[in-house]
Structure formats: C-alpha cells, structure tokens
J.: 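For reference, the structure I am asking about is given below.
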Amino acid sequence: MSNTQIIADSFPALHQTIGDKRLVYLDSAATTQKPQCVIDAITSYYEHDNANIHRGVHTLSMRATKAYENARQSVASLLQASRKEEIIFVRGATEAINLVAQAFARPILSVGDEILITEMEHHSNIVPWQLVCEQTGASLKVAKVNDDGSLNIDSFKELLTKDTTIVAFAHVSNAIGTINPIREMCALAREVGAISVVDGAQAVGHIPVSMSDVDCDFYATSGHKMFGPTGIGCLYGKHALLEEMEPWQGGGDMILSVSFEETTWNNVPFKFEAGTPNIAGAIGLGAAVKWIESFGYDAMVQHEQELLAYGRDVLQSIEGVTLIGASEHNAGVIAFTVAGVHPHDVGTILDHEGVAIRTGNHCAEPLMRRFNLSATCRASISVYNTSKDLDHLGSAVQEAIRMLG
Ligand code: C6P
C-alpha cells in the first residue's frame, strides 16, 4: 500500500461513493477532510471531559481548560509564535480579520489614512476593510495582480506611502493558489510604518509558516482548512499590539472585575475571547496541529507540488481547457475554465462522476473581474489526493466537454 493510501485511510469521509463512483475530493480549499484523530479528540472531549473552561474548580472543568490551553500552545508552536498568549481563538479567518479591523484599526484610523490590499483577496479580506473605511474616513488602495496570477510587486510598492496605515494580504490566494512573498511584503510595510495583516487561511494546511521569520503583526487562520473542525480558527497578534488594543466584544471571561462604575479587562488573550468559546473546536484543532506535525511540512509540500504539476499537465492536455492564474509559486490550487461550458455545469457533471470541485467566484469577485471572468472551476489538492484523483478529474472534464462542449 502506498504512503498516500495510508494517509487517505485515516480520513474516513474519503471512503465513500457518490452514486456508483468513488469520491474524488478536490475541494480542500473550501474545507479539508478531517483525520480520525481529530474526530476522536472531539468525541473524547464530549464523552469524558465536557465542561466549561476557566471557571470551574471541578475535575471536568480543569481537564477541559487544560486541553483548551494545550491546543493554544500547539498552535503557537506550529506558527512559531513567541508565546502562546499571542494566539486568540476565533471562529475562523473571517472573524480574525474583522477583529483586527474593529479592535485595532478602527480606533487609530481617520481621514487621510490608507489601507492597502491586493486584487487577489478573498471577500473576508476586503469587506472588513471597506466597513472600517466607511466608519473612519480612511481609504482603500488595491495592488494589482499580473496576468500569471502573481502579485505585481511594483504596484504594491508604488501604493505603499507614508499614509499607509495597514497592509492586508493573503499568504495564499484561495481562488488561484498564488503564494505571496509575505516576508518581503511585511518588511516593505514596516519601512513605511504600516501594520501588516496576513490572511493565512489557505496557507497553514499546506506550507510551513513562522511568525518569527515572517515578522507580521497579525496572521489569521481557519481551523477547518488545516484538518481541524469548522467554527474555530486563530488570530496571531504581536503581544505588544494585543496589549494596547481594547476588547472588541464584552461578556464573561474577558474581564477581571465588573461593577456598574468600572470594568477592567482580563489579560491577553482572554480579553479577546468573550463568552464560552468553541472548546471542542479548539481541542479538535489542537489534534489537527499534532497531525500536521506528525506528517511534516516537507512531505506535504513535496506531495502537493508533485500533484499540482501533474494536475496542470492533465488539464492542459485537454483541448478547450484554460488554466487561470497558474503562477510559478503556487499552492495546490488549479483554477480553470472549459470553452463553451459554464463552470457550474462542469461542476455538476463532475459531481456525477464522483469528483468534488468548487465552481463560481470563490468569494473573490474582484479577482474574477481582473481576469474578465464571472466564474471558474477550482480543483484544490491536499495530502490525501493521488495522481489517480487527477486522472479522474481529467476524464470527468472530458466527459463534460463531450456532453456540453
Ligand atoms: N475560503 C474557499 O472555498 P472562513 O470562512 O472564515 O473559514 O475563511 C474565510 C477565508 C478567508 N481567506 C481566504 C484566503 C479564504 O480562502 C477563506 C475561505 C473558502 O475558498 C470558502 S469561501
């Protein structure tokens, strides 16, 4: 049995048929499948340790608190944060970016300030900034994307000025897979005194990321895109910045003391975790981190890069298929169109063949417009995929062309 087969075996949802066809799951950019150890960690929490955290003196509460805080430590180690207090549990990358926009950016922005993003952002890294611009009078600037899907770094540099207060960009584009040079981009932001916010939703489940190396100010992740459960993610923030910030939501656990006259805040990170958090989600995420570590990023990158090259070849050899934004530095995302067949129809026919891909604008409408498209097909790869999956994708696309092209 090949290594990849052993890996695929630990993801129970992959072992099913769609109609009479083997499931070929190529939609990991939307959400990854979950390894058995993550499912077991969540089940075990509910079966044995279910209790609220940070509040109880009883055994279950102490066990739950320990597991939740261990998960924070695991994420901090994976991201090479300098301390675990720099990790705030949130619902996902969307909530992480909104937290920064409202709790960090909103109080410091005013008319004349600029927020720089790029054309390849997910709506989650556009709309929170538009909201905060409306609230403060700051303005939004957008760096261009090249025809091959890479960032136009000259455009990025040109738009960085003394007025730039915040620079927010994806580590990896969800729609086309471009890996951005985030270390260089954060350094450029620092040169003009701007704060960097990296949307890492599509990175951590595929490539190693080190906060100490990248030296960004904030970094957002989604647990469900890194083999963890939905409804949990993390915001990394530099400790000094988190200390300065006011909380963004009020409630239990985020306070030290409350009176009608004066309320004082709890320490970082609890100041940003009002209310009962997603305890089971955090524990599941902790298990996902351990799974990533045991697999190892070297093996992950090698496997996904081989499959990316293979998948591009498979699709490019089909007449009528055009790859979109297939840059050199790309994670395992293949965006494509099929001449004469709408992406949604391609997706439907592929589903009949057991192949799961995503079609549409991928919550990146401005990027679609940049390529004069309204939608694309997107096949996204993870560690459990094989070259056979990509062969299957190729035959299913040929079937779509035969039926509708
Ligand atoms: N992209 C996709 O199919 P949430 O929904 O909060 O977990 O993540 C939002 C998000 C933010 N940034 C990037 C780069 C993303 O890819 C996503 C989620 C999914 O591409 C669902 S739209």
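Side chains are part of it too, since the values below use all heavy atoms of this structure and drop only hydrogens, waters and symmetry mates. The first residue of the sequence shown is numbered 1, and numbering continues consecutively from there. Read the numbers this way: they start at 1 and go in the same order the structure lists the ligands and their atoms.
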J.: For a distance cut-off of 3.5 Å, show me each N or O of ligand 1 paired with any protein N or O, plus the separation.
T.:
unit_1   : atom_1 : unit_2 : atom_2 : d
ligand 1 : 1 (N)  : His122 : NE2    : 3.4
ligand 1 : 1 (N)  : Lys225 : NZ     : 2.9
ligand 1 : 3 (O)  : Arg358 : NH1    : 2.5
ligand 1 : 3 (O)  : Arg378 : NH1    : 3.4
ligand 1 : 3 (O)  : Arg378 : NH2    : 2.8
ligand 1 : 6 (O)  : Ala93  : N      : 3.4
ligand 1 : 6 (O)  : Thr94  : N      : 2.9
ligand 1 : 6 (O)  : Thr94  : OG1    : 2.6
ligand 1 : 7 (O)  : Ser222 : OG     : 2.6
ligand 1 : 7 (O)  : His224 : NE2    : 2.8
ligand 1 : 8 (O)  : Ser222 : OG     : 3.4
ligand 1 : 12 (N) : Asp199 : OD1    : 3.2
ligand 1 : 12 (N) : Asp199 : OD2    : 2.6
ligand 1 : 16 (O) : Gln202 : NE2    : 2.7
ligand 1 : 20 (O) : Asn174 : ND2    : 2.8
ligand 1 : 20 (O) : Arg378 : NH1    : 2.8

J.: Can a side-chain donor-acceptor contact be found between Thr376 and His362 if the only test is distance below 3.5 angstrom?
T.: yes
J.: Under 3.5 Å, is there a donor-acceptor pair between the side chain of Lys271 and the main chain of Met245?
T.: yes
J.: Looking at Leu241, is its backbone amide N or carbonyl O close enough to the side chain of Glu244 to form a donor-acceptor pair, meaning the two atoms are under 3.5 Å apart?
T.: no
J.: Any chance the side chains of Glu158 and Ser155 put a donor and an acceptor closer than 3.5 Å?
T.: no
J.: Can you check ring-ring contact (aromatic ring centres under 6.0 Å, His included) on Tyr25 and Phe11, steps first, answer last?
T.: CA-CA 11 Å; Tyr25 189 76; Phe11 289 81; 9.9 Å; no
J.: Could you check whether Ser327 and Asp148, counting side-chain N and O atoms only, form a donor-acceptor pair closer than 3.5 Å?
T.: no
